[in-house]
Amino acid sequence: MTTNDAAIAAQGLRKRYGQSYALDGLDLTVERGVVHGLLGPNGAGKTTAVRILSTLLSFDEGSARVAGHDVVAEADEVRRRIGLTGQYAAVDETLSGRQNLVMFGRLYHLSPRQAKRRADELLEQFALTDAADRSGRTYSGGMRRRLDLAASLILAPEVLFLDEPTTGLDPRSRNDVWDAVRSLVAGGTTVLLTTQYLEEADQLAGRISVIDTGRVVAEGTADELKARIGGDRIEVVVRDAEQLGAAAAVVARIGTAEPELDADTRRVSAPVADRMAALTDAVRELQAAGVAAEDIGLRRPTLDEAFLHLTGHQATATEETAA
Amino acid sequence: MSIALQQPPTLVAPPPARTPLARLRWALADGWVMTKRNLAHVVRAPEEVVIYFTLPIMFVLVFGYVFGSGMALPGGGDYREFLLPGVFAMTMLYGLGATATGIAFDVDRGVVDRFRSMPMARSALVVGRSGADIVRALLEMTTLVVCGLLVGWQWRNGIGDALIAVGLILLLRFAITWIGIYLGLVVPNPDTVGVIVFPAAFPLTALSNVFVAPELMPGWMGAVSEWNPLSSTVAASRELFGNPGFGGDSWAAQHSLLLAVAWPLLILAIFVPLSIRRYQNLSR
Ligand SMILES: Nc1ncnc2c1ncn2[C@@H]1O[C@H](COP(=O)(O)OP(=O)(O)OP(=O)(O)O)[C@@H](O)[C@H]1O
Ligand SMILES: [Mg+2]
């Protein structure tokens, strides 16, 4: 794949705020027709990257092409081909949902009739018909997010930027957004999705770039990354501390690395390759060895563990500096 | 929410404007969409409309009655009749604050991010602010004229000249919206920008022919007042309305009609490009 066919091709992007770099040499290539995840902790530079790629923000060094056009020299060409749902809903809160969508449709130079019809369709698809004529100010956070997402889909964009699209949504709305993203991609749209949730990237993204302090620190499919993080762990808590050694012997046979023991909590754990096989084996073998287990479980690595592993430092919550 | 996000096959955006003329048409269309957006805001906050009418009514009553008597004019004539064209123009000048606050609120909203990521005309947001404020100015102007007639002011040269006079005052207001837009973009804080406008507008009214004929002012003050753009509009509209107090010996006073057109055009030539550029570079 040459960078010209790529949906997104960014090289060495740097963006400075005062003394510090929000982006510090970000390289990113996203092929067409996929969901690409941008995973990173607070302050990693996800929003900065999205704002640069969607022509909202200037940058100090590097270059970027989106949908085949340079984000600086051909900003208008880029804007014709992208949709953006930012971290904070970008809709007019005074106007109603319908007024918003019709206005955006008109700004895309749809005819008044087309704009109205498209607004109706989107309101219906995003379950906003009942609230269509109420001021956006009366919408719940989730409704506003859905309206925001609808507004980025008035024309099917070639490239869609979603900056933490499900933050603050309930599980049902989150699934709805995920489904919407999947069907868009089935229609040929490329999606760049930022998220702080490994789970979300896992669900949606074919490839994931993990970013930290403004640059990509790891990249690959969800499985590749999880393998690097260490994957799932099996965890056994024994009822009687004296049986910890016996339990460790069992876990050692099942796991892919030396088990870790914690005498205080009577806990033994080890990484495993095959989740379900490991669990059934553990139950059977512990029973066979006569070990009374209080709890047996599989645990996925948390995001904190992932960052600890990939970045070598704890994911730190930095203050929110709204751009 | 249903999952299907089918694209209706007919839904294609028209190809982008390539020629300068087509671009201008798009820019005007986008500006009009934004004007309608601003007007829709007013409809959703009808209490704001009350303000549109209060200030003009107050100005006419306060100035018409409090200062309306006992002031002498150099060429004779009724002081209230002299004063009202000045009050009309002054009210337009004070619209500066509303415009500046309005645009500061406009760019403060998250929706601007969406506008800026769309292929719409870069000028649309500021043009829409100006358009909405002209609609507002039309309402204010109507209120002013009606109140003026109620307190005894009248035009004496026929409706045609009177309409030209109103047109000149609105032209000044149009130019002022662009100063307001620039101010609101330079100080994009809705709370502060309203406050800085008054010290800017007040000296402009004081050093003008709104309340006192410049001939009666001491040397330099008279000269400044005569060249004040506000004075040109006021003098020209006094002449067109057939109200007393226009004229004077200076070149500026002799050519007030010309200046009443030239000043606003000059202001527009400076502040329209400045404002659009400023908006484009905002928050980048
Ligand atoms: N306008 C600004 N002025 C100064 N610093 C900024 C500005 N915008 C962002 N930053 C800084 O740049 C860094 C990256 O911010 P960015 O918003 O891109 O992070 P993020 O990955 O989106 O974080 P989050 O998960 O909290 O949304 C942060 O350290 C932030 O403080
Ligand atoms: Mg962010």
Side-chain angles (χ1 to χ4, degrees), chain A residues 51 54-58 75-86 88-96 99-100 103-104 106-111 114 117-118 121-122 124-128 135 137 146 148 151-156 161 172-173 176-177 179-180 182-184 186-187 323, chain B residues 1-18 22-23 25-46 48 102 105-106 108-125 128 280-284:
Chain A
R51 289 177 66 84
S54 55
T55 78
L56 292 180
L57 199 64
S58 63
D76 267 329
E77 293 295 327
V78 172
R79 290 185 190 116
R80 279 169 40 74
R81 293 169 170 80
I82 61 169
L84 169 66
T85 298
Y88 308 99
V91 293
D92 189 315
E93 312 230 316
T94 311
L95 301 184
S96 71
Q99 280 177 317
N100 265 290
M103 171 176 72
F104 295 129
R106 294 290 287 143
L107 291 171
Y108 281 117
H109 292 260
L110 300 180
S111 72
Q114 280 178 319
R117 209 188 54 202
R118 188 66 183 134
E121 285 165 4
L122 287 165
E124 167 108 33
Q125 282 162 8
F126 284 86
L128 290 168
S135 164
R137 216 173 277 137
R146 281 176 357 229
D148 199 34
S152 5
L153 303 180
I154 289 175
L155 306 181
F161 295 98
R172 206 200 121 160
S173 306
D176 287 343
V177 169
D179 287 341
R182 287 192 191 101
S183 65
L184 263 174
Chain B
M1 180 168 76
S2 92
I3 300 161
L5 282 158
Q6 72 276 20
Q7 278 297 309
T10 52
L11 197 75
V12 279
R18 301 281 183 207
R23 266 176 216 270
R25 257 209 341 265
W26 277 49
L28 288 177
D30 289 351
W32 174 235
V33 172
M34 298 307 265
T35 301
K36 283 196 294 191
R37 161 179 176 248
N38 288 326
L39 297 178
H41 283 176
V42 176
V43 174
R44 288 201 173 259
E48 217 182 275
F105 268 117
D106 284 348
D108 210 26
R109 293 173 205 247
V111 67
V112 171
D113 271 356
R114 179 166 303 286
F115 291 146
R116 290 160 49 85
S117 73
M118 288 175 67
M120 61 189 263
R122 303 280 91 188
S123 59
L125 192 92
Q280 283 172 0
N281 294 332
L282 217 58
S283 82
R284 277 182 65 89

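All chains are named by letter (A, B, ...) in the order of the sequence lines, taking the proteins before the strands, and each is independently numbered beginning at 1. Remember, it's a predicted structure, so these values are computed and weren't measured experimentally.
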Student: In terms of heavy-atom proximity below 4.5 Å to chain B, should A/F104 be classed as side chain, backbone, both, or neither?
Tutor: both
Student: Measure across A/L56 and B/R116 and return the closest heavy-atom pair with its distance rounded to 0.1 Å.
Tutor: O-NH2, 3.1 Å
Student: Just jot down the side chain to side chain donor-acceptor pair (under 3.5 Å) partners of B/R114, sequence neighbours excluded, or say none.
Tutor: A/D148
Student: Between A/T85, A/V78, A/L84, A/D76, which shows the greatest number of heavy-atom pairs under 4.5 Å with chain B?
Tutor: A/L84
Student: Do A/Q99 and B/R44 have side chains that get closer than 4.5 Å, going by heavy atoms?
Tutor: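 The answer is yes; the side chains approach within 4.5 Å.
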Student: Quick one: which of B/R122, B/K36, B/R109, B/M34 has the most heavy-atom pairs under 4.5 Å with chain A, could you say?
Tutor: B/R122
Student: Do A/M103 and B/V33 come within less than 4.5 Å of each other through their side chains, counting heavy atoms only?
Tutor: yes
Student: Among B/R37, B/M118, B/M120, which residue forms the greatest number of heavy-atom pairs with chain A at distances under 4.5 Å?
Tutor: B/M118
Student: What are the two closest heavy atoms between A/A90 and B/G110, and how far apart are they?
Tutor: CB-O, 3.3 Å
Student: The criterion is side chain to side chain donor-acceptor pair (under 3.5 Å); which residues satisfy it with B/S117, sequence neighbours excluded?
Tutor: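 Result, side chain to side chain donor-acceptor pair (under 3.5 Å) vs B/S117: none returned.
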Student: Tell me, for A/E93 versus chain B, whether the close heavy atoms (under 4.5 Å) come from the side chain, the backbone, both or neither.
Tutor: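 Neither the backbone nor the side chain of A/E93 comes within 4.5 Å of chain B.
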Student: Name the region of A/A151, side chain, backbone, both or neither, that has any atom closer than 4.5 Å to a heavy atom of chain B.
Tutor: both
Student: Between A/D92 and B/F115, is there a side-chain heavy-atom distance shorter than 4.5 Å?
Tutor: no
Student: Should A/H109 and B/P119 count as side-chain neighbours, where that means a heavy-atom distance under 4.5 Å?
Tutor: no
Student: Quick one: which of A/S96, A/G86, A/A89, A/G83 has the most heavy-atom pairs under 4.5 Å with chain B, could you say?
Tutor: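 Top count of heavy-atom pairs under 4.5 Å with chain B: A/S96.
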Student: To the nearest 0.5 angstrom, please state how far the OG atom of A/S54 sits from the CG atom of B/D113.
Tutor: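 The OG atom of A/S54 sits 8.0 Å away from the CG atom of B/D113.
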Student: Looking at A/S152, A/A75, A/S135, which one has more heavy-atom pairs under 4.5 Å with chain B than the rest?
Tutor: A/S152
